[in-house]
Amino acid sequence: MSGFSLVRPRRRRRIVLAALTSAATLVAVALGASASAVSAQHTRLVGLDPVNWTPHALDGTAYKVLAIGNRVYVGGSFTRVRPYNSTTATAQPRLFAFNATTGALDTTFRPVVDGAVRALVAAPDGQSLYLAGDFTNVNGVRSRGVERINAATGASWAGFTVPDIAGGVDDMKLSGNRLIIGGRFQTVGGVTRRALAALNATTGARDDFLNVNVDVARVTTAGVTSAIKVTGLDVTPDGTRLVIIGNFSRVSGQLREQIAVVNLTGAAATLSPWTTIRYREQCLDTFPTYMRGVDISADGSWFAVVTSGGGRTGALCDTAARWDFGTATSGKQPTWVNYTGRDTLLSVSVAGAAVYVGGHQRWLDNPQGHNDAGPGAVPAEGVGAINPVTGKALAWNPGKDRGVGTEDIYPTAAGLWIASDTDTVHGEFHGRIAFFPLP
């Protein structure tokens, strides 16, 4: 790293944060809202050049990053890590922590997890965190895809026991005292809960408040299907609405093709009348669902969705799209769509000045691209930024090895973390994770 290489956006591309977030939302971001959905909000783009003190995961994939105080946690499928200034690797499979300002590995944080960690959420007490994924044991004790651990040591948290979750958990958000989980499971505690459920955040018990019956797996035109799954979810900062995406066609018996909004007010969760048919069309025949990531804005008025799919003219394959909740509910159309030109997007974060997107894309603003750069295409290798108002690509392209893709984009007050399966960002070695500071 040769000093900070910063992007200075032109005046016409600057975004006024006040137009995106209310004062109440800013307070929620600063103090910590009841829903874990609130992303840190930036008034400008982060720099292009990642800091050089972050540690490296040396194999597998980093799926998730979480900051609590002065610690950063990384979950994934990796098995070995090492500091940036050492050649000595340490065995710390699937979850490790380090100092948020120096990058020093935290040797007191030593959880033992036997499967991939795909989601991390901070507990309200600031002393513990939740992890979710494909594991069945944590610290030698059976843990069924979700666990709560001590943030300092990684020890299991007393009094938190989850019923059997029959399948992997891919995403998780905290809303009030509920952990909302989505994934590939079909039952929770022996009761049917296809791909979506809630747990008591204190005890781990199943919370039957959320039972909206996600159902009817999509089948491709070639007959390819898979079990019902929720590939991503997010909760509005006020905890009143939930957005889910995945391989489903109906929710609560009503048509909802790959995307649905759920009301979280009242005595029990209910399906919202918000609908769109824009994800009805099939992309590649190998993708029963092409939905990959969702993130709600800090003011709770809109959200962004990113997809895979292989591309198909007129469909929302391989795109980032903005959707407004609005007052009208049926037949919704996206506010804007940004096309990669048939490259997958996996992750998205609405971070004030930009909607950051990650995957194995090569370009944005590429609606006429067919695995090539069409007219007006903007380079955005592996990670890129989109103007949240216009939907046009911003001139921010640090460049990274594409691999399978960027799995997580995580903004903090100091900058932006990314997690992936590759090692090169901005022409430098950064094993599976990198941090772009704010200028």
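Everything numeric in this text was worked out from a predicted model, so none of it was measured. The basis for the numbers below is simple: all heavy atoms, side chains too, and nothing from hydrogens, waters or symmetry mates.
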Asker: Run Tyr130 and Phe160 through ring-ring contact (aromatic ring centres under 6.0 Å, His included) and show every step you take.
Answerer: CA-CA 10 Å; Tyr130 304 96; Phe160 185 84; 5.6 Å; yes
Asker: Going by atom types alone, do Ser347 and Asp408 pair a side-chain donor with an acceptor below 3.5 Å?
Answerer: no
Asker: Ignoring hydrogens and angles, tell me if any N or O in the side chain of Asp421 forms a donor-acceptor pair with the backbone of Val404 under 3.5 Å.
Answerer: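 Yes: the side chain of Asp421 pairs with the backbone of Val404.
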Asker: Could you note down all residue pairs passing salt bridge (Lys or Arg N to Asp or Glu O under 4.0 Å) where residues 218-227 supplies at least one of them, sequence neighbours left out?
Answerer: none
Asker: Donor-acceptor pairs under 3.5 Å, side chain of residues 265-272 to any protein atom, not counting sequence neighbours: which ones?
Answerer:
unit_1	atom_1	unit_2	atom_2	d
Ser272	OG	Trp274	N	3.1

Asker: Could you give the distance from CG (Leu242) to CG (Asp234), rounded to the nearest 0.5 Å?
Answerer: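 The CG atom of Leu242 sits 8.5 Å away from the CG atom of Asp234.
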Asker: Within a strict 4.5 Å, meaning less than it, do heavy atoms of the Thr240 and Asn263 side chains meet?
Answerer: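 When only atoms from C-beta onward are counted, Asn263 and Thr240 do not touch, as no gap falls below 4.5 Å.
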Asker: Which pair of non-hydrogen atoms, one from Ala132 and one from Val169, has the smallest distance, and what is that distance?
Answerer: CB-CG1, 3.6 Å
Asker: Can any side-chain N or O of Arg292 pair as donor or acceptor with the backbone N or O of Thr344 at less than 3.5 Å?
Answerer: no
Asker: Would you please name every residue forming a side-chain hydrogen bond (donor to acceptor under 3.5 Å, both in side chains) with Arg432, sequence neighbours left out?
Answerer: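 Arg432: side-chain hydrogen bond (donor to acceptor under 3.5 Å, both in side chains) contacts with Asp423.
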Asker: Could you grab the distance from atom CD of Glu407 to atom OH of Tyr63, nearest 0.5 Å is fine?
Answerer: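 Rounded to the nearest 0.5 Å, the CD-OH separation comes out at 5.5 Å.
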Asker: So, Arg148 versus Ser128: side-chain donor-acceptor pair below 3.5 Å or not?
Answerer: yes
Asker: Is there a side-chain contact between Leu66 and Val72, using heavy atoms and a 4.5 Å cut-off?
Answerer: no
Asker: Whether the side chain of Thr220 engages the backbone of Val224 through a donor-acceptor N/O pair (distance < 3.5 Å, no angle test) should be reported.
Answerer: yes
Asker: Side chains of Thr289 and Thr231: closer than 4.5 Å at any heavy-atom pair?
Answerer: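 Yes - at least one pair of side-chain heavy atoms lies under 4.5 Å apart.
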Asker: Could you state the interatomic distance from NE2 (His426) to CZ (Phe436), rounded to the nearest 0.5 Å?
Answerer: 8.5 Å
Asker: Any ion pair linking Arg280 and Glu257 (charged N to carboxylate O, less than 4.0 Å)?
Answerer: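 A salt bridge links Glu257 with Arg280.
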Asker: Are the side chains of Ile68 and Tyr73 in touch, meaning some heavy atoms are under 4.5 Å apart?
Answerer: yes
Asker: Answer yes or no: is there an ion pair linking Asp208 with Arg193, defined by an N-O contact shorter than 4.0 Å?
Answerer: yes
Asker: Only counting residues at least two apart or in another chain, list the ones meeting side-chain hydrogen bond (donor to acceptor under 3.5 Å, both in side chains) with Ser420.
Answerer: Lys400, Thr422
Asker: Are any side-chain N or O atoms of Ser252 and backbone N or O atoms of Gln254, one a donor and one an acceptor, separated by less than 3.5 Å?
Answerer: no
Asker: May I ask you to test the Ile433-Ile418 pair for a side-chain heavy-atom distance under 4.5 Å?
Answerer: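 Not touching, per the 4.5 Å side-chain cut-off.
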Asker: Tell me, please, which residues at least two apart from Ser349 pass side-chain hydrogen bond (donor to acceptor under 3.5 Å, both in side chains).
Answerer: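 side-chain hydrogen bond (donor to acceptor under 3.5 Å, both in side chains) list for Ser349, sorted by chain: empty.
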Asker: Determine whether Phe109 and Phe98 satisfy the following criterion, ring-ring contact (aromatic ring centres under 6.0 Å, His included), listing intermediate values before the conclusion.
Answerer: CA-CA 9 Å; Phe109 182 77; Phe98 58 92; over 10 Å; no
Asker: What distance do Ile259 atom CD1 and Thr275 atom OG1 have between them, rounded to the nearest 0.5 Å?
Answerer: 10.5 Å
Asker: What's the spacing between Ile181 CD1 and Asp171 CG if we round to 0.5 Å?
Answerer: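 It is 10.5 Å, given to the nearest 0.5 Å.
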Asker: Verify side-chain hydrogen bond (donor to acceptor under 3.5 Å, both in side chains) between Arg362 and Asn371, making sure each step is shown before the conclusion.
Answerer: CA-CA 9 Å; Arg362 290 162 285 182; Asn371 283 311; 3.0 Å; yes
Asker: Can you see which heavy atom on Ala413 is nearest to which on Ala40, and at what distance?
Answerer: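 Nearest heavy atoms, Ala413 then Ala40: N-CB, 3.8 Å.
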Asker: Would you indicate whether the side-chain heavy atoms of Val306 and Thr319 approach each other to under 4.5 Å?
Answerer: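 Result no, sub-4.5 Å side-chain heavy-atom pair not found.
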Asker: Ion pair present between Arg184 and Asp134, side-chain N to carboxylate O less than 4.0 angstrom?
Answerer: yes
Asker: Backbone N or O of Ala351 within a donor-acceptor pair of the Asp295 side chain at under 3.5 Å?
Answerer: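 Not a single qualifying donor-acceptor pair exists.
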Asker: Could you pull out the closest heavy-atom pair between Pro50 and Leu48, with the gap in Å?
Answerer: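 Taking Pro50 first and Leu48 second, the nearest heavy atoms are CD-O, 3.4 Å.
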Asker: Restricting to non-hydrogen atoms, name the atom on Gly232 and the atom on Val294 that form the minimum distance, rounded to 0.1 Å.
Answerer: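 In terms of heavy atoms, the two residues are closest at C-CG1, 3.8 Å.
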Asker: Would you name the heavy atoms of Lys64 and Leu120 that are closest together and state the gap between them?
Answerer: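 It is CG-N, 3.7 Å.
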Asker: Between Ser39 and Pro411, is there a donor-acceptor pair closer than 3.5 Å when you use the side chain of the first and the backbone of the second?
Answerer: no
Asker: For Ala152, is there any backbone N or O sitting under 3.5 Å from a side-chain donor or acceptor partner on Asn150?
Answerer: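 It does hold such a pair.
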Asker: Give a yes/no verdict on a cation-pi contact between Arg178 and Phe209, requiring under 6.0 Å between NZ or CZ and the six-membered ring centre and an angle within 45° of the axis.
Answerer: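 Yes, a cation-pi geometry holds between Arg178 and Phe209.
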Asker: Pairing donors with acceptors under 3.5 angstrom, does anything connect the side chains of Gln258 and Asn247?
Answerer: no
Asker: Please determine whether a side-chain nitrogen of the Lys or Arg among Asp164 and Arg142 lies less than 4.0 Å from a carboxylate oxygen of the Asp or Glu.
Answerer: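 Salt bridge: yes.
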Asker: When you measure from the centre of the six-membered ring of Phe135, is the NZ or CZ of Arg94 under 6.0 Å away and within 45° of the axis?
Answerer: no
Asker: Run the side-chain hydrogen bond (donor to acceptor under 3.5 Å, both in side chains) check on Gln282 and Thr221 step by step: do they pass?
Answerer: CA-CA 7 Å; Gln282 182 60 43; Thr221 53; over 6 Å; no
Asker: Please evaluate residues Trp157 and Gln127 with respect to the criterion side chain to side chain contact (heavy atoms under 4.5 Å, CB included), reporting the C-alpha separation (whole Å), side-chain torsions for both, the decisive distance (0.1 Å), and the verdict.
Answerer: CA-CA 10 Å; Trp157 197 259; Gln127 306 299 313; 4.2 Å; yes
Asker: Scan Asn387, Asp318, Asp365 and name whichever one has a side-chain hydrogen bond (donor to acceptor under 3.5 Å, both in side chains) with Asn338.
Answerer: Asp365
Asker: Could you state the interatomic distance from CD1 (Ile228) to OG1 (Thr192), rounded to the nearest 0.5 Å?
Answerer: 12.0 Å
Asker: Between Glu381 and Arg402 (side chain of the first, backbone of the second, donor and acceptor by atom type, cut-off under 3.5 Å), is there such a pair?
Answerer: no
Asker: Quick one: does Gln368's side chain have a donor or acceptor within less than 3.5 Å of a partner on Gly374's backbone?
Answerer: no
Asker: Asp324 and Ser301: side-chain hydrogen bond (donor to acceptor under 3.5 Å, both in side chains), yes or no, with the steps?
Answerer: CA-CA 6 Å; Asp324 286 73; Ser301 67; 5.0 Å; no
Asker: Indicate yes or no: at least one non-hydrogen side-chain atom of Val162 is less than 4.5 angstrom from one of Leu199.
Answerer: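 Contact flag for Val162/Leu199 side chains = yes.
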Asker: Which heavy-atom pair separates Ser297 from Val350 by the least distance, and what is that distance?
Answerer: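 Taking Ser297 first and Val350 second, the nearest heavy atoms are CA-CG1, 3.9 Å.
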Asker: Under 4.5 Å between any side-chain heavy atoms of Leu345 and Val348, yes or no?
Answerer: no
Asker: Just by modelled atom types, is the Val188 backbone N or O under 3.5 Å from a matching donor or acceptor in the Arg206 side chain?
Answerer: yes
Asker: Once ring-ring contact (aromatic ring centres under 6.0 Å, His included) is applied, what residue pairs with a partner in residues 330-365 remain, sequence neighbours excluded?
Answerer: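 Residue pairs with at least one partner in residues 330-365: Tyr356-Trp396.
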